[in-house]
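In what follows, a single structure is set out as structure tokens and then discussed.
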Amino acid sequence: MPARQAPPAKEAVRKQVDRYVPAEIEARWQARWEADGLYTARVDPSRPKFYFLTMLPYTSGNLHWGHWFAMTPSDSRARYLRMRGYNVVYPIGFDAFGLPAENAAIQRNIHPKTWTYANIDSMRRQLRTMGASWDWSREAISADPEYYRWTQWFFVQLFRHGLAYKKMAPVDWCPKDNTTLAREQVIGEERVCERCKTPVIKKDLEQWFFRITAYAEELLDFTHIDWPEPIRHLQTNWIGRSEGARVTFQTEAGDPIEVFTTRPDTLWGATFLVLAPEHPLVAKLTTPDRQPAVAAYVQQTLRQSDIQREAADKQKTGVFTGGFAVNPVNGERVPVWIADYVLLTYGTGAIMAVPAHDQRDFEFARAFGLEVRPVILPPGVDALDGRTMAQAEPGYGTMVGSGELTGTPADRAVDAAIQYVEARGAGRRAVNYRLRDWLISRQRYWGAPIPIIYCPEHGQVPVPDDQLPVLLPDDVEWRPTGESPLKLHPTWKHTTCPVCGQPAERDTDTMDTFMCSSWYHLRYLSPHDQQAPFDPREYDYWMPVDTYTGGAEHATLHLMYTRFFHKAMRDLGVTRGDEPMLQLRNQGQILGPDGQRMSKSRGNVIDPGEQVLAHGADAVRAYLMFGYRWQEGGPYSVENIQGVVRWLHRLWALVLESADAPAREGDPAAARRLRRSLHEAIRQVSADLETFEFNTVVSGLMELSNALAQAREDGLEGTTEFRQAVETSLLLAAPVVPHLAEELWHRLGKPYSIHQQPWPAVDPSALAVEEVTLAVQIDGKVRDRIQVPVGVSEEEARRAALASAVVQRHLAGRAPRQVIVVPGRLVNIVT
RNA sequence: GCCGAAGUGGCGGAACUGGCAUACGCGCGCGACUCAAAAUCGCGUUCCUUCGGGAUUGUGGGUUCGAGUCCCACCUUCGGCACCA
């Protein structure tokens with residue numbers, strides 16, 4: 001759709017001006033800014049720095065609304081901060097490794113590398129059309145050897161300090177993508193793969209893990225960062241901290257069983273133990289006569305998918321092992337069962353079952369005729385009978401039937417029980433986390449190879465720093481088979497041990513791409529550094545990131561991993577400070593016009609590129625800022641984009657039409673009104689850019705445009721006040737519509753570039769008014785409005801309000817009981 | 001079930017610490033321009049009204065001179081977690 005021409009206004013004396021054709025100006029200014037290095041950021045200790053970071057895009061091929069919505073409002077804020085005098089670094093790069101590249105490459109039968117780098121080329125071009133103020137000289141691509149050399153270097157650092165380790169474990173496996181996944185990449189109740197939505201299965205595999213659990217406690221501390229509350233809650237819940245005790249039960253087979261409980265006060269009611277079927281002690285505890293039943297149950301559990309197994313409403317199943325343990329607090333002999341409702345991966349993989357006070361244990365006990373023994377009396381409960389209880393009683397209360405501790409009240413029961421077991425060496429206070437270590441091995445091709453060599457003599461040997469990167473070979477069969485493609489390469493894995501020089505083999509897995517993106521903000525500091533992952537001088541100046549913007553869907557993935565990574569590297573002396581990103585803000589999502597997620601299958605995809613072609617990048621930027629609450633997002637609206645398109649055409653025409661109006665004097669009152677509108681706009685636009693309230697940034701600019709139009713009606717064209725207001729309008733609009741502002745600034749003959757001008761300051765005297773309108777309320781309802789001088793006394797305001805004819809009529813002779821005066825706002829007459 | 005976010009005109013959404021609800025824009029209506037239409041410009045636009053006024057921020061209570069905003073209970077929608085001991 002071509003931009004439409006605005007004819008001269010009806011007075012017909014308006015100068016005929018060029019129409020606004022964004023296509024003619026946007027590319028030109030983009031090229032100029034880049035040629036001039038306008039946004040190239042350099043360390044300059046004489047100026048305050050600002051590290052503004054937007055989540056790097058994945059190399060999926062095309063920019064969609066999500067990119068525009070995340071990036072262009074952020075860019076406006078970066079531009080604003082630059083005009084405010086900050087030395088802003090606003091870098092960009094590409095998250096280029098990963099499964100989608102491989103899967104797309106498989107579909108199209110082209111090499112993942114070819115596909116990825118072709119996408120980067122086209123995405124670079126598309127990104128440039130946004131008119132964003134990125135420092136392209138800092139571009140980093142995670143699939144470049146000069147990048148992943150350092151990803152591997154970080155792995156080696158973690159390995160050397162015991163934070164990366166390999167272990168055999170039941171892990172989540174995506175049967176479609178043929179690779180393991182981190183726990184965080186398994187989504188929802190259906191337990192599907194984050195990428196392809198295929199239900200995951202469990203496999204026992206030897207895999208590399210990062211010890212994120214060592215940082216569980218510290219990751220719960222958000223006191224020094226300004227992150228959105230929902231993200232803090234999601235991470236807190238994911239980490240899942242529980243306080244309680246670990247208690248040891250001796251067994252008749254010899255090996256003790258350790259359990260974790262949050263309710264040590266119920267220990268005396270533990271009438272049996274339950275182990276996860278995969279628990280290592282199961283074989284040892286099982287008596288010969290129970291062997292067939294136990295083996296059958298374990299087999300059955302293994303065959304079941306996790307979804308079947310973890311369905312909460314499922315009937316409890318399990319079998320008796322034949323083994324017995326001893327309850328350490330009362331010396332009673334309790335049977336040991338196995339059941340699939342106990343998870344190997346949480347706590348110790350074993351529980352003490354207290355059927356009277358835990359609903360799951362209760363259901364299990366009733367299903368198998370096990371004893372239910374109440375040992376807690378919650379307030380208001382006189383007695384509980386284990387034989388007749390219909391459900392568990394999970395509340396806290398006074399201990400009963402608990403030996404020496406009988407009678408301990410609710411508020412002391414847990415502590416008393418912990419002290420009791422600690423004194424007898426049967427247990428200790430403990431904190432347990434739901435968080436598990438981060439599984440980073442991937443049996444896929446398109447990732448950074450894990451830099452470990454296996455030597456028959458020296459075991460796991462990290463690749464020495466001077467031999468990094470371990471290059472990913474191009475000549476592989478990269479289609480997935482379930483084995484790592486690197487393993488099937490004829491020569492790649494064969495190498496020599498860095499310690500002894502004897503033949504050895506490389507690890508043939510690659511790393512989770514979330515490892516690559518855990519430190520990209522550091523690579524931006526010096527993307528071509530050959531000596532180190534980043535230049536410490538750049539680090540000391542720019543870090544930490546001051547503002548980070550991106551999607552909330554990474555709450556328990558990237559946003560948690562990158563915090564862990566930073567803290568681990570801090571402890572290794574690589575980074576400084578406790579947190580990598582001080583302020584985080586999440587944008588919402590742009591949906592299709594039907595309110596559904598845009599997708600080809602729904603046929604509701606609107607291409608942002610087409611809108612840019614039709615209306616210009618500036619209009620799309622302004623539309624995205626104006627039409628939504630940025631943190632919320634919402635459906636794309638064809639009608640609403642017209643609103644900002646009109647505004648931009650009006651602004652364009654107004655500026656050019658009034659550009660060389662002959663100088664004259666105007667009505668002082670009208671001039672004062674214009675000046676007040678101008679400074680109110682400066683105040684509002686500044687404050688709202690600061691706080692990410694982008695919709696009111698644009699509405700403030702529109703109101704200012706309306707005030708200019710009114711001023712023109714009032715005959716102010718040609719006055720100093722009018723010219724200043726026009727120029728300041730352009731400065732205020734520059735962060736939002738950078739091309740249009742630059743073009744008009746240029747046409748007004750102002751010095752290049754508008755983006756290097758200082759941000760306008762609010763003059764408080766311009767905001768001052770002589771008269772204010774007070775609302776006059778009677779019993780809280782507005783009945784009248786009165787004009788009073790600005791500094792009017794309360795007494796005068798009251799008198800003026802009571803003098804109002806409307807008020808007199810409503811009062812009808814009654815005397816007000818009370819009159820409340822809120823200076824500058826209202827008078828409320830209470831009858 | 002647990003945790004979190006959000007409910008304001010026909011629509012997107014404003015409303016800073018409790019003080020004039022509905023800014024700004026879309027849409028719609030009327031008018032101007034036009035042979036006509038589009039575009040553009042101007043005016044109007046929360047709802048009801050007997051034109052006095054009355055009602056209104058998901059629902060019901062409460063605090064207050066005054067509540068979209070604070071408190072209590074509930075409803076709806078969306079997101080996350082879920083046999084986590």
Side-chain angles (χ1 to χ4, degrees), chain A residues 4-12 187-189 228-234 236-238 240 242 244 259-263 266 274 309-314 316 339-343 345-354 357-361 363-364 432-435 552-553 555-556 588 623 626-629 631-632 634-635 637-644 646-647 649-650 653 683-684 687-688 691 693 695-696 698-703 705-706 709 713 773-785 809 816-831:
Chain A
R4 295 194 168 84
Q5 180 167 5
K10 64 175 172 219
E11 298 86 68
I187 307 298
E189 193 176 355
E229 200 166 281
I231 299 287
R232 302 199 311 257
H233 279 287
L234 284 168
T236 301
N237 290 346
W238 188 262
S242 298
V259 301
F260 173 74
T261 177
T262 54
R263 294 296 303 273
T266 64
V274 188
R309 183 172 164 183
E310 291 183 4
D313 52 356
K314 200 186 75 166
K316 292 284 179 290
D340 63 6
Y341 80 92
V342 176
L343 308 175
T345 44
Y346 183 80
T348 61
I351 62 153
M352 62 175 210
V354 185
H357 304 293
D358 180 284
Q359 186 59 26
R360 296 154 299 177
D361 298 343
E363 286 165 19
F364 192 82
N432 198 60
Y433 302 93
R434 215 181 66 105
L435 183 70
E553 68 275 13
T556 54
Y623 162 68
F626 178 59
Y628 306 85
R629 289 190 266 224
Q631 343 256 342
E632 305 286 323
S637 157
V638 198
E639 288 86 29
N640 283 348
I641 198 169
Q642 289 299 334
V644 292
R646 279 181 207 146
W647 167 56
H649 278 91
R650 271 200 300 271
R683 191 199 61 72
Q684 193 208 320
D688 292 347
T691 54
E693 285 162 82
N695 48 357
T696 46
V698 179
S699 73
L701 291 172
M702 286 174 167
E703 281 176 279
S705 294
N706 294 345
E713 292 289 305
T773 308
L774 294 186
V776 181
Q777 298 180 332
I778 296 175
D779 296 329
K781 283 194 200 308
V782 178
R783 298 298 181 179
D784 198 7
R785 285 161 226 272
R809 198 180 67 223
R817 275 199 296 139
Q818 195 185 351
V819 179
I820 286 149
V821 179
V822 182
R825 291 193 183 270
L826 54 74
V827 179
N828 189 13
I829 298 163
V830 187
T831 62

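To find a chain, count down the sequence lines: A is the first, B the second, and so on, and within it residues start at 1.
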Working to the nearest 0.5 angstrom, can you tell me the gap between A:Arg434 CZ and A:Trp238 CH2?
5.0 Å
Here the gap from A:Thr556 atom OG1 to A:Ile187 atom CD1, rounded to the nearest 0.5 Å, amounts to 7.0 Å
Results of side chain to side chain donor-acceptor pair (under 3.5 Å) for A:Glu553 - residues two or more places apart only:
none
Side chain to side chain donor-acceptor pair (under 3.5 Å) partners for A:Asn706, two or more places apart:
none
Just checking [X]: base, sugar-phosphate only, or nothing, at a heavy-atom cut-off of under 4.0 Å?
{"X": "A:Ser637", "value": "nothing"}
{"X": "A:Val782", "value": "sugar-phosphate"}
{"X": "A:Glu229", "value": "sugar-phosphate"}
{"X": "A:Asn706", "value": "sugar-phosphate"}

Hey, does the side chain of A:Arg646 come within less than 4.0 Å of B:C26's phosphate (OP1/OP2), counting only N and O?
yes
Pairs under 3.5 Å (N/O, protein and nucleotides 13-18 of chain B):
unit_1	atom_1	unit_2	atom_2	d
B:G13	O3'	A:Asn695	ND2	2.9
B:A14	OP1	A:Asn695	ND2	2.8
B:A14	OP2	A:Arg629	NH1	3.3
B:A14	O5'	A:Asn695	ND2	3.4
B:C16	N4	A:Arg825	NH1	3.4
B:C16	N4	A:Arg825	NH2	2.8

Base, backbone or nothing for each nucleotide of nucleotides 46-54 of chain B, written B, S, -, heavy atoms under 4.0 angstrom, 5' to 3'?
------SSS
Using the ring pair (Phe, Tyr, Trp, His ring centres under 6.0 Å) criterion, which residues pair with A:Tyr628? Sequence neighbours excluded.
A:Phe69, A:Tyr623
Side chain to side chain, A:Asn828 and A:Gln818, heavy atoms closer than 4.5 Å:
no
With C1' as the reference atom in both, quote the distance from B:U40 to B:U34 in angstrom, rounded to an integer.
12 Å
Mind checking the C1' distance from B:G68 to B:U57? Whole angstroms is fine.
5 Å
Counting Watson-Crick and G-U wobble pairs with both distances under 3.5 Å, what is the dot-bracket string for RNA chain B, 5' to 3', using [ ] for crossing pairs and | for pairs to another strand?
(((((((..(((......[....)))((((((.......))))))(((....)))..(((((..]....))))))))))))....
Closest non-hydrogen atom pair between A:Gly349 and A:Val342, with its separation
O-CG1, 3.5 Å
Look at the side chain of A:Asn828 and the base of B:C65, then say whether one donor and one acceptor between them are separated by less than 3.5 Å.
yes
